[in-house]
There are 2 protein chains.
Amino acid sequence: MSNVTAGVPTGSVQSVDRALTILEQLARHGEAGVTELAAGLGVHKSTAFRLVATLEQHGLVEQTEDRGKYRLGVGLLRLAGATTARLDVVQEARPVSRKLAADTGETVNVAVLADRAALYLDQVAGSSALQPHNWVGQHIPLHATANGKVLLCGLEPDRLDDTLGSLAAYTDMTITKKEALRAELDRVRAQGYAVAVDELEVGLTAAAAPILNAHGDVIASMSVSGPTFRLPAARIQTVVGQLVEAATEVSHRLGWGHR
Amino acid sequence: MSNVTAGVPTGSVQSVDRALTILEQLARHGEAGVTELAAGLGVHKSTAFRLVATLEQHGLVEQTEDRGKYRLGVGLLRLAGATTARLDVVQEARPVSRKLAADTGETVNVAVLADRAALYLDQVAGSSALQPHNWVGQHIPLHATANGKVLLCGLEPDRLDDTLGSLAAYTDMTITKKEALRAELDRVRAQGYAVAVDELEVGLTAAAAPILNAHGDVIASMSVSGPTFRLPAARIQTVVGQLVEAATEVSHRLGWGHR
DNA sequence: CGTCACGTTGCTCATAGCGCAACGATAAGC
DNA sequence: GCTTATCGTTGCGCTATGAGCAACGTGACG
């Protein structure tokens with residue numbers, strides 16, 4: 001295939017490439033006419049028309065009315081449904097969790113919100129000899145863990161009160177005042193991650209970051225945790241960087257992406 | 001474009017058509033290799049390879065490992081997200097769905113009528129740990145679901161016959177007689193909501209209520225569904241109250257009920 | 001009533017993309 | 001461990017294919 005003129009990568013089919021670019025164009029701008037799409041591709045409008053006509057036959061685009069503009073169609077939902085059917089958080093997170101655990105040497109967990117508690121779905125042990133107990137399947141209080149704080153951030157503020165029960169104190173560091181917790185959650189939301197030092201158990205430190213779905217909802221939380229002496233404030237900062245990157249990677253795999 | 005040999009409709013681009021057929025093939029079978037895809041299309045495997053390569057560059061498919069099979073990719077999720085973002089029904093319903101899911105703890109769906117089936121546009125999972133099947137993008141039979149019954153109520157009686165195909169039995173509870181279905185639809189219309197217990201799947205219970213536009217047309221349906229053991233008759237009544245209120249709220253947001 | 005811009009459609013030509021065959025790698029079988 | 005089969009992948013040459021052109025129908029606007 002010749003590739004002298006434009007940026008069509010080797011081994012790709014030009015017309016298919018253009019058709020898919022049209023889909024992306026429509027995803028960005030919502031609606032567009034044939035002429036506009038043709039201009040975006042740099043092709044003749046008849047070319048663009050035949051491409052959208054083909055997309056339309058497969059239900060991937062639809063026109064607003066007869067002789068009208070085009071927009072993305074419900075056929076995409078059908079395809080996406082087939083995608084999510086074989087896509088779950090644990091499966092997508094696992095390779096990323098492994099890498100994060102290897103890079104940091106600490107334990108990585110993935111948790112979701114369930115029945116007013118954090119439910120731990122997956123755990124990858126760190127390389128260190130000193131390992132925590134296995135939390136998978138356990139329900140952990142929300143207000144005393146990094147994961148819990150992140151998951152709480154995904155809730156609407158008015159749902160917060162009934163989700164939280166009484167804020168039991170597990171250590172001296174546990175946040176037990178609702179006002180203090182709200183302030184903490186605001187901080188978590190702002191910085192994009194949560195940290196908990198000695199709040200559930202003395203000597204246990206954890207950091208957590210949100211995992212988002214295609215709609216931007218917080219559907220899970222990923223954490224790195226270890227003994228406090230191995231995770232001092234200075235090291236937390238570097239670990240958080242890796243953690244946020246990993247969580248973002250998983251979010252992308254689940255379809256999250258800003259445009 | 002000549003169309004002497006095969007069933008390529010007039011005005012469509014062959015290679016694009018083939019590429020999209022590959023997507024549909026992957027949606028059906030989950031995973032497939034180049035050779036398999038080529039066989040499905042009736043083309044040479046090199047042709048199929050270039051098509052999937054192009055799809056891969058746009059993130060619509062991905063290979064399981066190097067030199068492995070292909071499956072649908074996350075790019076589809078982003079496109080689907082952009083699709084629903086443009087649908088004002090989903091846009092308006094989403095916050096309400098969230099609240100309803102949180103209040104009931106069960107899964108909330110929004111569906112519309114499309115191609116003689118219920119097309120699920122959006123889903124918000126309940127707080128319960130066990131995640132139900134993700135229905136988004138799926139086409140579900142109309143006569144065996146609460147959503148389907150509600151959507152059927154929005155049709156004129158004479159359009160009912162051609163919209164309904166044969167009433168397949170999915171369980172012992174499925175309504176298979178047209179007369180029984182008509183009676184059921186009258187009941188749904190009268191009470192303003194529909195219930196389906198074990199009609200699509202044994203152990204699955206759902207309730208649904210209509211979403212109306214400014215003209216009072218039924219444009220979508222909102223449902224709450226969960227395991228039958230968690231939704232006994234007694235609880236259904238309270239859930240239906242919340243559901244109808246939520247659906248009405250969405251209808252108002254869409255301009256229904258001038259006040 | 002004219003003009004303009006839109007989406008749509010025959011027509012023709014060259015080029016894009018198809019089939020072919022060969023390659024490297026992997027896995028299975030004797 | 002060597003053969004064999006099958007997979008995904010890649011150069012190559014020919015031709016069906018799809019791109020561009022220009023014209024058409026339609027609706028909006030002044």
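In what follows, chains carry the letters A, B, and so on, assigned in the order in which the sequence lines appear, proteins first and then strands, with residues in each chain numbered from 1. Computed from a predicted structure; not experimentally measured.
With sequence neighbours excluded, no residue forms a side chain to side chain donor-acceptor pair (under 3.5 Å) with B:Ser251. Every residue two or more places apart in sequence or in another chain that forms a side-chain contact (heavy atoms from CB on, under 4.5 Å) with B:Ser223 is listed here: B:Asn109, B:Asn147, B:Ala208. Residues passing the salt bridge (charged side-chain N to carboxylate O under 4.0 Å, His left out) test with B:Arg182, sequence neighbours excluded: B:Asp161, B:Glu179. Annotation: side chain to side chain donor-acceptor pair (under 3.5 Å) contacts of A:Glu31 (sequence neighbours excluded): none. Qualifying side chain to side chain donor-acceptor pair (under 3.5 Å) partners for B:Thr145, counting only residues two or more places apart in sequence or in other chains: none. Under the rule for a side chain to side chain donor-acceptor pair (under 3.5 Å), the partners of B:Tyr70 that lie at least two apart in sequence or sit in another chain are B:Gln63. By the salt bridge (charged side-chain N to carboxylate O under 4.0 Å, His left out) test, A:Asp217 pairs with B:Arg94, B:Arg98, sequence neighbours left out.
Atom CG of B:Leu51 and atom P of D:dG18 are 10 Å apart (whole Å).
Phosphate contact (OP1/OP2 of C:dT8, side-chain N/O of A:Tyr70, threshold under 4.0 Å): present.
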For residues 38-46 of chain A, which side-chain donor-acceptor pairs fall under 3.5 Å, sequence neighbours excluded?
from, atom 1, to, atom 2, distance (Å)
A:His44, ND1, A:Ser46, N, 3.2
A:His44, ND1, A:Ser46, OG, 3.1

Check: protein-nucleotides 19-21 of chain C nitrogen or oxygen pairs below 3.5 Å:
from, atom 1, to, atom 2, distance (Å)
C:dG19, OP2, B:His44, N, 3.1
C:dG19, OP2, B:Thr47, OG1, 2.2
C:dG19, N7, B:Ser46, OG, 3.1
C:dG19, O6, B:Arg50, NH2, 2.9
C:dC20, N4, B:Ser46, OG, 3.2

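Residues from residues 33-41 of chain B placing a heavy atom under 4.0 Å of any atom in DNA chain C do not occur.
In the helix from C:dC1-D:dG30 to C:dG29-D:dC2, the end axes, each obtained as the rotation axis mapping the C1' atoms of four pairs onto the next four within a five-pair block, lie 50° apart to the nearest 10 degrees.
Here side chain to side chain donor-acceptor pair (under 3.5 Å) pairs that include residues 238-249 of chain A, with residues two or more places apart or in two chains, are A:Glu249-A:Arg253.
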